[in-house]
Amino acid sequence: MTTKLILYPNKKLWMAAIKPPMYSVAIMPIWVGTTVAFAETKVLHAAVFCTFLAAAILILVWENLSNDVFDSDTGIDINKPHSLVSLTGNKQLIFWLGNCFLSLGLLGILAISWWQKDLTVIGIILLCCFLGYLYQGPPFRLGYQGLGEILCFFAFGPLGVSAAYYSQTQSWSLMSLAASLIVGISTTLVLFCSHFHQVKEDLAAGKLSPIVRLGTQTGSQVLNCLTSSIYVSILIFVFCGIFPLWTLLSLLSLPFALQLCNHVGQYHNQPLKVSNSKFIAIAVQFWCCLLLGLGFVL
């Protein structure tokens, strides 16, 4: 079967393996952190922003490739034909390819640190990479203990946004920290929604994801609370004067949030129908963070 897939590649399988929409989770922390910095300083270091953006994408490629490798070790991807390990039949190739992407990404971050003569940004990103390894990498595999969402929140939220902000200003701010909470929660939604359709597979592999622990019904209710907290937080931050009024533009992403909650609420226990919920969650994260950042720019 693997040979057939290599010789006659199925475009849909390859696209599902590469996951192009997923890369918004790498882009948005850099976008939001940079726009907050611009809102406060009215200065944009374009070369730093572009380098950071490219590096973040490369590091996320590493994360996705290494996760496929580590999942193949546990057997959890046995029924996942769009795993890159399954498609190529070469686990070592994917492993070392992932490490190459990681090295290139870290070189980009090192360049930023070199320009600034300051190691803070590379230190933060190395910590993010360590959290990413803790998620699936042996012997930790904290994602199998249901802790992946916590790691995701900190890596893409407070750490990722703060690193992007610092790369522009070499300082910290309350506005940046508040914005990082929005990015962290909206990004965590994507990972949280990815568990609804694979409860049976997770149980078989001993993976205690939040949905395995909570059940799909309770999980859908938790999803409602998490999604609501994004927009409630934005309103509170605007009311308190932490965010500018223009950031209310992010409320235009509410239709995607409502679609996500309604879809998961209706199909939470139907794997085939709920499997696309993570892509709706990506739309929530993308549009909410894009418009939030636009609000900071305006």
Side-chain angles (χ1 to χ4, degrees), residues 19 21-33 56 59-60 63-64 67 124 127-136 141-164 176-199 202 207-214 216 218-234 237 250 253-254 256-261 263-265 268 274-293:
K19 311 180 188 75
M22 293 292 289
Y23 290 93
S24 79
V25 306
I27 294 169
M28 288 303 132
I30 316 307
W31 162 252
V32 172
I59 291 171
L60 188 62
E63 179 77 8
N64 288 335
N67 283 348
I124 296 173
L127 179 56
C128 289
C129 292
F130 180 62
L131 293 182
Y133 183 81
L134 289 177
Y135 174 58
Q136 294 284 58
R141 300 193 190 278
L142 296 187
Y144 281 68
Q145 306 305 315
L147 300 175
E149 278 68 14
I150 297 174
L151 298 174
C152 176
F153 170 79
F154 283 103
F156 291 94
L159 291 175
V161 174
S162 295
S176 171
L177 178 61
S180 75
L181 302 180
I182 306 302
V183 177
I185 297 171
S186 62
T187 305
T188 302
L189 287 183
V190 178
L191 180 59
F192 189 77
C193 287
S194 70
H195 302 305
F196 278 98
H197 71 288
Q198 55 186 36
V199 174
D202 286 350
K207 184 175 182 179
L208 301 176
S209 71
I211 304 305
V212 168
R213 290 180 180 273
L214 296 170
T216 58
T218 304
S220 68
Q221 295 166 355
V222 171
L223 176 66
N224 292 341
C225 295
L226 286 173
T227 307
S228 300
S229 71
I230 295 171
Y231 298 96
V232 171
S233 297
I234 292 170
F237 292 148
S250 57
S253 63
L254 263 171
F256 294 103
L258 292 173
Q259 180 189 3
L260 175 65
C261 293
H263 183 76
V264 174
H268 61 86
V274 80
S275 62
N276 67 329
S277 61
K278 66 181 177 183
F279 295 108
I280 306 174
I282 289 171
V284 174
Q285 190 256 8
F286 175 79
W287 287 109
C288 179
C289 294
L290 181 70
L291 293 168
L292 183 70

[X] side, atom [atom1]; [Y] side, atom [atom2] - distance, nearest 0.5 Å:
{"X": "Gln285", "Y": "Leu290", "atom1": "CD", "atom2": "CG", "answer": "10.0 Å"}
{"X": "Lys278", "Y": "Met22", "atom1": "NZ", "atom2": "CE", "answer": "6.0 Å"}
{"X": "Leu181", "Y": "Ser186", "atom1": "CG", "atom2": "OG", "answer": "10.5 Å"}
{"X": "Leu131", "Y": "Glu63", "atom1": "CG", "atom2": "CD", "answer": "9.5 Å"}
{"X": "Ile282", "Y": "Ser24", "atom1": "CD1", "atom2": "OG", "answer": "5.5 Å"}
{"X": "Thr216", "Y": "Leu223", "atom1": "OG1", "atom2": "CG", "answer": "12.0 Å"}

Do Tyr231 and Ser250 have a side chain donor and acceptor closer than 3.5 Å?
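Distance-only check fails for Tyr231 and Ser250.
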Hydrogens and angles aside, do His263 and Asn276 bring a side-chain donor and acceptor to less than 3.5 Å of each other?
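Yes, because at least one side-chain N or O of His263 sits under 3.5 Å from a partner of the opposite role on Asn276.
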How about [X] and [Y]: do any of their side-chain heavy atoms sit closer than 4.5 Å?
{"X": "Leu60", "Y": "Asn64", "answer": "yes"}
{"X": "Cys193", "Y": "Ile280", "answer": "no"}
{"X": "Leu142", "Y": "Tyr135", "answer": "no"}
{"X": "Asp202", "Y": "Tyr144", "answer": "no"}
{"X": "Val183", "Y": "Trp31", "answer": "no"}

Identified side-chain contact (heavy atoms from CB on, under 4.5 Å) partner of Glu149 from the options Val190, Leu189, Leu191, Ile185:
Leu191
[X] to [Y] - nearest heavy-atom pair and separation:
{"X": "Gln136", "Y": "Arg141", "value": "O-NH1, 3.1 Å"}
{"X": "Phe156", "Y": "Val25", "value": "CD2-O, 3.2 Å"}
{"X": "Gly146", "Y": "Arg213", "value": "CA-NE, 4.3 Å"}
{"X": "Phe256", "Y": "Ala283", "value": "CD2-CB, 3.8 Å"}
{"X": "Cys288", "Y": "Ile230", "value": "SG-CG2, 3.8 Å"}
{"X": "His268", "Y": "Val274", "value": "CA-CG2, 4.1 Å"}

